[in-house]
S.K.: 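If you scroll down you'll find the structure; I have some questions about it.
Letters A, B, ... are given to chains in the order of the sequence lines, protein chains preceding strands, and every chain is numbered from 1. Side chains are part of it too, since the values below use all heavy atoms of this structure and drop only hydrogens, waters and symmetry mates.
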Amino acid sequence: MDELEAIKVTFFQECEELLADLEGGLLAMQDGTSDGETVNAVFRAVHSIKGGAGAFGLDPLVRFAHVFETLLDSVRSGKVDASPDLVALLLRASDVLADHVSAARGMGDVDEALSHAMAAELEAWDGDGGAPAPAAASATASASDDDFDLSAGVAAELDDMDFGFTPMTISVEEQAGADEQAAAGWMVVIQPKSDLYRKANESLLLLRELERLGPIETTVDDSALPDLADMDPEASYLTFKVKLTTDKSEADVREVFEFVDGDCDLTITPLMAGDAPPAPAFEAPALEAAPEPVAAAVAAPEVDVAALISAATAAPAPQPAAAAPVAPPPAPVAMTPAAAAAVAAKPTTAAAPAKAPLEAPGPGQSVIRVDPERIDRLIDLVSELVINQAMIAQRVAEHGIPQSSNLAIGLDELEQLTREIQDSVMAIRAQPVKSVFQRMPRLVREVASMVGKQVRLVMEGEGTEVDKTVIERLSDPITHMLRNAIDHGLENPDERREVGKPVEGVIKLQALHRGGRIVIEVTDDGRGINRPRVQKIAVDKGLIAPDLQLTDEEIDNLIFLPGFSTADKVSDVSGRGVGMDVVRRSVQALGGRISISSRPGHGSTFTLSLPLTLAVLDGMVVEVAGQTLVVPLAAIVESLRPKPEEVRALGPTGAVLAVRDSFVPLVDIGSTMGYRANAPDPTDGVVLLVEGEDGGKAALVADNIQGQRQVVIKSLEANYQQVEGVAAATILGDGRVALILDVDAVINLRRREAPAPKPTEPMIAAE
Amino acid sequence: MIDQTTAVGERRELISFRVGQQEYCVDIMAVREIRGWSPATSLPQSPNYMRGVINLRGAVLPIMDLSSRLGLGSAEPTVRHVIIVVKVQERMMGLLVDAVSDILSITDDLVQPTPDVACDRVRSFVRGIISLEGRMISEISLDRLLPEREALAA
């Protein structure tokens, strides 16, 4: 990959984050939980995407982002009111923008017609709200003239409309514009915040940019500098005052600071001819007292802050002179009003850097980008450490060293430490479910418009953390559950009106931790499950016996049966009858469970629970024919020692186990897996009653149970290939590899030898 | 094959080892490490030349009984047996052999094509024969050894 490609990859990664920020901000605006900063953040997100796209020459993306940004700018400046309709439009525009980003990335296409229509709509809206502005201001030079033609056209159409208040605002600007013409230049006061430097911006570059507009005279106000001992080397204490002689407009000057927007306090005041810059008068005493290097730096028109700080830090503490300029002058000579203001403003300056880390721990700040592979490697190493530690413990026990000995106690401590390390390392890889959740609003919007329903999605617990391995698998089931809820759960707007519900349906998507698992719930306020109908369909389709008595809960869960579909019509969205049973199977494959509960007339709740990580597994360690195997605990219903009268022969070789009035086929793990030719007498061994993914039960026969243990899952496929009957491998305390049994495959392997009857649903099997 | 692009006269290093009474070798660049035999966990539903899997510092490493793979009969591994850990494409695999002999430095012109007399299996696994000081050493084509590779080659 060449360098540019590498940067491009980073750009697209950032795009993902920016799009997420954009959508998050817009959703906050929709919920009414936004503040002025939200609008700014939304604007910056689009702006940054545009900027980056421009650098890579991604023209379609730039064009669309530009239109989008223009409207957002109007919203930001208050020219256009952020009405709910507008926010809805912006949300749809963000979807189109996301499509453009994907297309630029070479993944997927942009619906050109949609994109154009959206761009036109955005422009129209901008013209609508801010119509008179461009028309009136067209005389003023601006950075974005290219917008004006479009908007002006719209503006002309809308001239009849009464937007009396808007020209008022503009007339002020016009006034300012008039001042601009008279001004000999600008007094620019730049007070960078620490964030500016943290984002790798550089005040020196800003000053150089300013110099391009005309000759500059720069002075630095270091009055905010604390004592050397109190100084935070990464904080920003300096304020730059730039006297810029130019005929350029204020907008041109502001443009220089486009990319540090929000990261510095900027005041631009017109400088009348003959205006004396107030700052130097104040600076002078401080400068005189300053030691040589600092003074030199300050005197230079272009001040390198880093150099200044390093000069200050390098100055040895015992030198009182070095501290002098750093401390605020106790009694400033001939303090001008401006200087007084600067001093008055000082406490806020000092407070700002201290406050910043507290209020903004959001994305981008103090977050390290790490290649996931490195973390995976770390997790591998730590799990090896755990295994190694277990090996040592086993060796120590073998040598008969007493539990109370120092060695054993030290080992116990080591074990605790390694467990803690393992937990912490797993926590690094844990991610909030937000990354999955944030894709859902778009899905809901699309599905809702497809089926003609009004839906509001409420999300909770986005911060719930779960291992990366699980995150990746969450998206599909959630998508299915949401689609199902919108399509089948919610009523049509007319129906809702009839039963006295608000037309807008509410779907709640919630994530929480419960009992060491992550639980995802999708709740709708729709009609709930029509139980008599569901049971009738299941009977009609031959999925259950007609005279079967089922509890409400059992009826609700019939929708997970393969081949079940309640939709009268097969819709585009769901209802093909493959939906829920496929979801259930994929969830169970991950060691999860999915269920539904419903209250007729009030709605339904899908509940999905998954283990927090797929990297470790709770298993039962068993011995079979001299081999040590791990059976996933999630599959085991119970374990028991069969009594001779419970084992019944069936056919020439088959046998079943009587478990509370039902008969479960006995499967000898050893002979099924090919470890031994003949199955031993089940009563000599232990039976694990397991439930497969399709609900089928089996009684697995093992020789012995060693115990329950948490094991680290190791892939067999990484170096070899999939082996039938084996889900994965793990490494036990003795350093040997043990195979993790794939319960379903074992049941199926046996079936292949002797074709079994059609698998039955668990609750029905328990008839 | 990649090796054919190697200019004649360019030296390559090979590790030679014994399987039964015969001598074989593999390119040293494919060898990751050589370790003593440790008992493997057997894999069900697998060809009999797959000895099973062992723990290689946290990774699950499949072990192939080269003797059985070459049709020379299963090895009865002892502590003197050796596992040569090789990397084939992106996968790691352990080859169970009797003993490692030495490191050969050869040029490609020393490699003779596999004679026609050999059976199909040998022809697909052996990419050439090196005659050195009266010994006959067959170079193994590693990417053909894994079961699915064999299927592809067939």
S.K.: With sequence neighbours left out, which residue pairs that include part of residues 70-79 of chain B fulfil the side-chain hydrogen bond (donor to acceptor under 3.5 Å, both in side chains) condition?
M.R.: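 Qualifying pairs: Thr78(B)-His81(B).
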S.K.: For a 4.5 angstrom cut-off between non-hydrogen side-chain atoms, does Leu14(B) reach Glu139(B)?
M.R.: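 Result yes, sub-4.5 Å side-chain heavy-atom pair found.
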S.K.: Salt bridge check, Arg91(B) against Asp143(B): does any charged N sit closer than 4.0 Å to a carboxylate O?
M.R.: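 No, no charged N to carboxylate O under 4.0 Å.
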S.K.: So which bits of residues 33-42 of chain B come within less than 4.5 Å of chain A, counting non-hydrogen atoms only?
M.R.: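 Listed by number: Pro39(B), Ala40(B), Thr41(B), Ser42(B).
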S.K.: Does the structure place the NZ or CZ of Arg144(B) under 6.0 Å from the centre of the six-membered ring of Phe125(B), at an angle of no more than 45° from the ring's axis?
M.R.: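 Here Arg144(B) fails the 6.0 Å and 45° test against Phe125(B).
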S.K.: Among Gly674(A), Ala718(A), Ala729(A), which residue forms the greatest number of heavy-atom pairs with chain B at distances under 4.5 Å?
M.R.: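 It is Ala718(A).
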S.K.: Does a side-chain N-to-carboxylate-O contact under 4.0 Å join Glu23(B) and Arg18(B)?
M.R.: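 No, Glu23(B) and Arg18(B) are not salt-bridged.
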S.K.: Charged N to carboxylate O under 4.0 angstrom, Asp376(A) versus Lys468(A)?
M.R.: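 Looking at Lys468(A) together with Asp376(A), the answer is yes, because their closest N to O distance falls below 4.0 Å.
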S.K.: For Met92(B), is it the side chain, the backbone, both or neither that has a heavy atom under 4.5 Å from a heavy atom of chain A?
M.R.: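 Both parts, backbone and side chain.
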S.K.: Under a 4.5 Å heavy-atom cut-off, does chain B meet the side chain of Thr730(A), its backbone, both or neither?
M.R.: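 Neither the backbone nor the side chain of Thr730(A) comes within 4.5 Å of chain B.
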S.K.: Side chains of Ile54(B) and Arg736(A): closer than 4.5 Å at any heavy-atom pair?
M.R.: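 No; the side chains remain at least 4.5 Å from each other.
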